[in-house]
Enquirer: 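The structure under discussion is supplied below as structure tokens; questions concerning it will follow.
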Number of protein chains: 2
Amino acid sequence: MKAWQEIQLQALQTSDSEHKLFQTIAALGTELGFDYCAYGLRLALPLSNPKIVKKSNYPTAWQAQYQTKNYCAIDPTVKHALRSPQPILWTDGLFASTAAFWEEARSFGLRYGWAQSMRDVHGATGMLTLARSDEPLSETELAAKAFKMAWLAQNAHIALSRRLLPKLLPEADTKLSNREIAVLRWTADGKTSGEIASIMKITERTVNFHISNAATKLNAANKTSAAVKAAMLGFL
Amino acid sequence: MKAWQEIQLQALQTSDSEHKLFQTIAALGTELGFDYCAYGLRLALPLSNPKIVKKSNYPTAWQAQYQTKNYCAIDPTVKHALRSPQPILWTDGLFASTAAFWEEARSFGLRYGWAQSMRDVHGATGMLTLARSDEPLSETELAAKAFKMAWLAQNAHIALSRRLLPKLLPEADTKLSNREIAVLRWTADGKTSGEIASIMKITERTVNFHISNAATKLNAANKTSAAVKAAMLGFL
DNA sequence: CCAACAACTGTCAATATTGACAGCCTATAT
DNA sequence: ATATAGGCTGTCAATATTGACAGTTGTTGG
């Protein structure tokens with residue numbers, strides 16, 4: 001499978017559009033024996049309504065169904081992906097409580113599938129799904145392809161999220177000063193401004209000053225939100 | 001390389017001790033041509049002094065040096081691992097600003113190395129390092145082994161963190177009620193108790209009641225800490 | 001039926017926060 | 001030398017929070 005090595009370099013290094021990048025990943029999926037490929041990215045923020053982006057070469061009708069019926073919310077593979085980076089197979093057991101959804105997916109040819117997710121420093125979770133209509137996934141096939149699938153899941157996320165994140169999450173490239181970071185760290189650990197003041201040997205007024213500057217930079221309404229955002233985005 | 005498949009099953013499924021598990025991972029590293037193997041786990045909390053656990057088969061003297069001189073804080077591979085899941089090679093460029101550290105590592109036989117990190121739902125970052133004394137890592141060797149290394153980094157973290165996390169981070173298995181989660185979500189997004197009250201159509205008093213219960217469960221001093229902990233641990 | 005639990009509400013006082021005013025000091029880059 | 005930025009401090013009033021008191025309702029499971 002020489003093509004892997006070649007496409008690999010392309011996928012990682014060229015700065016293609018997201019679309020081309022996804023095509024490359026899908027092509028690698030095809031080489032692994034999967035007609036269908038899907039990548040989903042779920043940002044960490046805002047927590048009460050996280051942004052989700054999907055890219056796939058699924059049948060258009062199914063993509064539309066999935067979107068309008070908000071299947072994302074019930075899809076057991078998504079639920080698993082958000083809890084664990086362990087790969088998961090599409091099995092009857094997995095879809096036990098979502099039979100209608102599972103039935104419908106299969107009617108579009110999405111019968112045998114595999115998925116793995118990955119979380120990055122910014123709290124974003126990426127999920128790669130590989131699927132096909134034809135042939136069940138045997139243990140031996142999985143064992144043989146496990147390494148490449150793991151690699152592909154990783155690199156799909158690294159490459160795609162690098163391109164998608166900046167647009168979707170502008171806060172991700174905020175620059176916080178050292179002081180702001182220090183103050184937010186203590187804040188996130190539950191210290192009051194007064195406590196932080198004595199820890200850092202500065203005035204309470206100054207602590208609040210830094211917090212408020214950080215909150216402005218992070219587009220946060222108050223210190224709680226600022227601490228959460230900074231922590232989730234990996235600034236602390 | 002049939003052994004891979006066999007050990008793979010063992011590594012994932014048997015509930016060995018951490019130590020045995022690490023041995024297994026190190027053995028897989030050896031099969032990939034690396035004498036040395038190290039796994040580091042950095043928890044997300046507490047933010048102001050995150051817990052770190054290390055396991056390695058490095059020379060004991062170097063492990064001691066690394067620990068006492070707190071090299072963790074300056075090690076450029078660690079710095080990279082905390083920012084990106086992309087694999088990284090030990091190169092002169094990488095250690096440009098930490099020459100003494102790099103020199104010392106090499107004096108212990110740690111000359112050629114590779115590392116990759118991975119973050120999970122609980123915010124913990126795991127980092128796998130594979131290294132050796134003898135032979136430089138060529139592009140072609142890396143290309144040939146990339147898949148297995150990616151797989152190993154992933155599975156080392158999945159397996160080891162599953163065993164290490166519960167002990168190190170007791171908050172990780174807190175059970176929050178649905179109401180508590182909802183209230184914390186809004187809190188983390190920067191809403192005040194009053195705002196959450198009108199969003200959820202309950203009294204401000206009730207909002208504070210849920211927040212305070214959640215804070216107790218999470219061992220948090222106040223709502224900011226509760227929101228950060230819940231968010232970092234993936235409860236929201 | 002009863003226990004246990006989640007959800008919900010009330011009041012009051014002590015603390016903490018935010019927001020808006022205004023200004024000083026130091027290091028770095030132009 | 002001057003602009004710029006980070007770090008630092010002050011006061012005051014309006015809001016928000018926390019903590020400690022005491023209680024109702026509805027559901028679930030033994």
Side-chain angles (χ1 to χ4, degrees), chain A residues 45-48 97 170-171 173-236, chain B residues 46-48 97 170-171 173-233 235-236:
Chain A
L45 302 169
L47 284 155
S48 50
S97 57
E171 288 96 336
D173 44 43
T174 305
K175 292 278 174 219
L176 295 176
S177 74
N178 291 335
R179 270 332 216 188
E180 283 159 357
I181 290 172
V183 166
L184 278 185
R185 250 202 271 266
W186 290 115
T187 301
D189 275 340
K191 306 295 181 199
T192 66
S193 301
E195 288 166 335
I196 299 173
S198 44
I199 291 170
M200 294 180 65
K201 300 184 201 315
I202 54 180
T203 317
E204 188 175 335
R205 176 65 191 84
T206 305
V207 173
N208 288 328
F209 169 79
H210 289 309
I211 292 176
S212 127
N213 287 346
T216 306
K217 286 187 188 178
L218 290 165
N219 223 323
N222 56 33
K223 72 143 109 176
T224 299
S225 170
V228 170
K229 277 192 177 180
M232 291 299 277
L233 298 177
F235 295 139
L236 311 187
Chain B
L47 283 155
S48 49
S97 57
E171 287 97 335
D173 45 43
T174 305
K175 291 279 174 218
L176 296 176
S177 74
N178 291 337
R179 268 333 217 188
E180 284 159 356
I181 290 172
V183 166
L184 278 186
R185 250 202 272 267
W186 289 116
T187 301
D189 275 341
K191 305 295 181 199
T192 66
S193 300
E195 287 166 335
I196 299 172
S198 44
I199 291 170
M200 295 179 64
K201 300 185 202 311
I202 55 181
T203 316
E204 187 175 337
R205 176 65 191 82
T206 305
V207 173
N208 288 327
F209 170 80
H210 289 308
I211 292 176
S212 127
N213 287 344
T216 306
K217 286 186 187 177
L218 289 166
N219 223 323
N222 56 34
K223 71 143 108 177
T224 298
S225 171
V228 169
K229 278 191 177 180
M232 290 300 276
L233 297 177
F235 295 138
L236 311 188

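In the text below, chain A, chain B and the rest are named by the order of the sequence lines, each starting its count at 1.
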Enquirer: Would you kindly give the CD1-to-P distance between A:I181 and D:dG6, to the nearest whole Å?
Expert: 12 Å
Enquirer: Show the nearest heavy-atom pair for residues B:F235 and B:I181, with the distance to one decimal.
Expert: O-CG2, 3.6 Å
Enquirer: So which pairs with a foot in residues 224-236 of chain A pass salt bridge (charged side-chain N to carboxylate O under 4.0 Å, His left out), sequence neighbours left out?
Expert: A:E171-A:K229
Enquirer: With sequence neighbours excluded, what pairs up with A:N208 under the side-chain hydrogen bond (donor to acceptor under 3.5 Å, both in side chains) test?
Expert: A:S193
Enquirer: When you compare the side chain of A:R179 with that of A:I202, does any pair of heavy atoms fall below 4.5 Å?
Expert: yes
Enquirer: Using whole Å, what does the distance between atom P of nucleotide C:dA6 and atom CE of B:M200 come to?
Expert: 15 Å
Enquirer: For residues B:V228 and A:A231, report the shortest heavy-atom separation together with the two atoms involved.
Expert: CG1-CB, 4.0 Å
Enquirer: Once side-chain contact (heavy atoms from CB on, under 4.5 Å) is applied, do any residues pair with A:A182, and if so which ones, sequence neighbours excluded?
Expert: A:M200
Enquirer: Does anything in residues 182-207 of chain A pair up under salt bridge (charged side-chain N to carboxylate O under 4.0 Å, His left out), and if so which pairs, sequence neighbours excluded?
Expert: none
Enquirer: Would you give a per-nucleotide map of nucleotides 25-30 of chain C, 5' to 3', where B means the base has a protein non-hydrogen atom under 4.0 Å away, S means only the sugar-phosphate does, and - means neither?
Expert: ------
Enquirer: Report the distance from atom CD1 of A:I196 to atom P of D:dT9, rounded to the nearest whole Å.
Expert: 14 Å
Enquirer: Closest heavy-atom contact between A:A220 and A:A226?
Expert: CB-N, 3.5 Å
Enquirer: Need to verify one output field. Residue with the more 5' nearest nucleotide on DNA chain C, B:K217 or B:T203?
Expert: B:K217
Enquirer: Could you state the CG-C1' distance from A:L176 to D:dG7, rounded to the nearest angstrom?
Expert: 15 Å
Enquirer: What is the distance, to the nearest angstrom, from the CD1 atom on A:I202 to the C1' atom on D:dT9?
Expert: 10 Å
Enquirer: Which residues satisfy the side-chain contact (heavy atoms from CB on, under 4.5 Å) test with A:A214, sequence neighbours excluded?
Expert: A:L176, A:E180, A:L184
Enquirer: Rounded to whole angstrom units, what separation is found between the CD atom of B:E180 and the C1' atom of C:dA7?
Expert: 10 Å
Enquirer: Using C1' atoms of five pairs at each end, report the bend of the helix from C:dC1-D:dG30 to C:dT30-D:dA1 rounded to 10 degrees.
Expert: 60°
Enquirer: Taking only side-chain nitrogens and oxygens of B:H210, does any of them come within less than 4.0 Å of OP1 or OP2 of C:dC8?
Expert: yes
Enquirer: Treating primed atoms plus P, OP1 and OP2 as sugar-phosphate and everything else as base, which nucleotides of nucleotides 12-30 of chain D get B, S or - for protein heavy atoms under 4.0 Å?
Expert: -----SB-BB---------
Enquirer: Taking only residues two or more places apart in sequence, or in another chain, which ones meet B:S225 in a side-chain hydrogen bond (donor to acceptor under 3.5 Å, both in side chains)?
Expert: none
Enquirer: With a 4.0 Å limit, can you tell me whether A:T206 has a side-chain N or O closer than that to the phosphate oxygens OP1/OP2 of D:dG7?
Expert: no
Enquirer: Say whether, by atom type as modelled, one donor and one acceptor occur between the side chain of A:T187 and the main chain of A:V183 under 3.5 angstrom.
Expert: yes
